[in-house]
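Please read these numbers as outputs of a predicted model, since none were measured by experiment. Remember, it's 1-based here, ligands and their atoms both numbered in the order they're listed.
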Amino acid sequence: MTMSAEQSYVLEDSGVLRFPEGFVWGAATAAYQIEGAAREDGRGPSIWDTFSRTPGKVHAGHTGDVACDHYHRYPDDVRLMGDLGLHAYRFSISWPRIQPDGTGPANPRGLDFYDRLVDELHGTGVTPIVTLYHWDLPQPLEDRGGWTNRETAERFAEYAAIVHARLGDRVETWTTLNEPWCSAFLGYASGIHAPGRSEPGLGFAATHHLLLGHGLAVKALRAAGAGRIGITLNLAPVLGDDAEAASIVDGLQNRIFLDPVLRGEYPADVVERAGRFTDWSFVEDGDLEIISQPVDLLGVNYYHPQTVAARPGEPANPVYPGSEGIAFPRPDVPRTAMGWPVQPFGLTDLLVRLSRDYPGTPLIITENGAAFDDVLEDGRVHDAGRVSYLDGHLRAAHAAIEAGADLRGYLVWSLLDNFEWAEGYDKRFGVVHVDYATQNRTPKDSALWYRDVVRRNGL
Ligand code: FCB
């Protein structure tokens, strides 16, 4: 992933929109969403095992017990990646497979699985990109307060070191956390995700301990000689005419993570406004130095912008504590099966802004994609809506590169249809269709289209 900004990515005479040489193309997944084998080889329970078993929390009571059975079918799935010509595969490690109690010595059988997976990837010419935490906290740690407890940050760094000790000779790129906003504000402030707690103040405590865990893990990984280290954030441009409303939501969605990691400080306006929910006494001397150690890349997950409007009397949106008086109107644009607006320009805006406001950190899109109501018919899935979504977002990413954004790669979400958290298996994000009754995999039209994009390094 080395290249200079001057390399050519122009619209060539052939009409092909080319990405910079060395641009990394890949796909992403996460452990709990695809692995299954929830009780095998010594894996302990995670907060998602508990949450998905709590009535009313996940669509139709779905769980990740079996999911895509990737734990057993990984050789087939890696073969699929090879067929698509992917350069890289981003997957997450299940912490409760490695430390069933969230602490103490490693469970060797858990590590063995990722060892085999990494070897299989290398054997197929696919570069592994490891995410250490994609939301499946060991339940015993949650029982001691989870991310509201400072100790969880220390446990996370120990776990990171254990995984690196086993895989570090074959894995160069590491990301610590996936989307800490979701862990903190969906998990602890609004109760939409595991562990399902819903107190605004806990959202801020969890944010800080997640970030501290990130910083401690960066230190541990650096000390162990890790190649390239980053963090993945779910970021969204905030649109709307009311500058104050937009700034409040931007603070809670974006700056509360970007500023501590990349500038070593919490945004003053966010700290002040959150004062009704917390006194921030969980921030100890030296924490921000730990949190802001240099990272080698920033992972960006982008799905859609947020549109806001000032509307007096509007109750707070629980995922944004303190957002009273702010409405979230639905822009009149096409939507995905999630109800998310399709607004690719938001990706250009976001990448350009990151390069401007937080210069010097290379960017990689660690997730982008869409759910649609796919139909499998005669062995094909004609997912024109997904192809159009991806095409639009790749054009938007390309425009950002032309405007100077230092974007190094793109990982589509997701390789496979999978357990979409609170939506269960109802929402399909894969470029490859999964028939959950037979576990048959069928590349959708979007997978075949993406294979050509990768082959041409462009559109
Ligand atoms: C992101 C998650 C990922 C997936 C997509 C659709 O927030 O990181 O696991 O669920 O959304």
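When the side chain to side chain contact (heavy atoms under 4.5 Å, CB included) test is applied to Q439, the partners found at least two apart in sequence or on another chain are V66, C68, D69, R73, V434, R441. Under the rule for a side chain to side chain contact (heavy atoms under 4.5 Å, CB included), the partners of R353 that lie at least two apart in sequence or sit in another chain are D250, N254, R255, R356, D357.
In this structure a side-chain-to-backbone donor-acceptor pair under 3.5 Å is present from N149 to R144.
No side-chain donor-acceptor contact under 3.5 Å links Y425 and N418.
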Expected list for residues 192-202: side-chain donor-acceptor pairs under 3.5 angstrom, two or more places apart:
none

For ligand 1, find each of its N or O atoms that sits under 3.5 Å from a protein N or O atom, and tabulate the pairs with distances to one decimal place.
unit_1: ligand 1; atom_1: 7 (O); unit_2: E179; atom_2: OE1; d: 2.5
unit_1: ligand 1; atom_1: 7 (O); unit_2: E179; atom_2: OE2; d: 3.0
unit_1: ligand 1; atom_1: 8 (O); unit_2: H134; atom_2: NE2; d: 3.3
unit_1: ligand 1; atom_1: 8 (O); unit_2: N178; atom_2: ND2; d: 2.9
unit_1: ligand 1; atom_1: 8 (O); unit_2: E179; atom_2: OE1; d: 3.4
unit_1: ligand 1; atom_1: 8 (O); unit_2: E179; atom_2: OE2; d: 3.3
unit_1: ligand 1; atom_1: 8 (O); unit_2: E367; atom_2: OE1; d: 3.1
unit_1: ligand 1; atom_1: 8 (O); unit_2: E367; atom_2: OE2; d: 3.0
unit_1: ligand 1; atom_1: 9 (O); unit_2: Q33; atom_2: OE1; d: 2.7
unit_1: ligand 1; atom_1: 9 (O); unit_2: H134; atom_2: NE2; d: 2.8
unit_1: ligand 1; atom_1: 9 (O); unit_2: W421; atom_2: NE1; d: 3.0
unit_1: ligand 1; atom_1: 10 (O); unit_2: Q33; atom_2: NE2; d: 3.4
unit_1: ligand 1; atom_1: 10 (O); unit_2: E420; atom_2: OE1; d: 2.6
unit_1: ligand 1; atom_1: 10 (O); unit_2: E420; atom_2: OE2; d: 3.2
unit_1: ligand 1; atom_1: 10 (O); unit_2: W421; atom_2: NE1; d: 3.0

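The aromatic rings of Y159 and F156 sit tilted relative to each other, their planes meeting at an angle between 30° and 60°.
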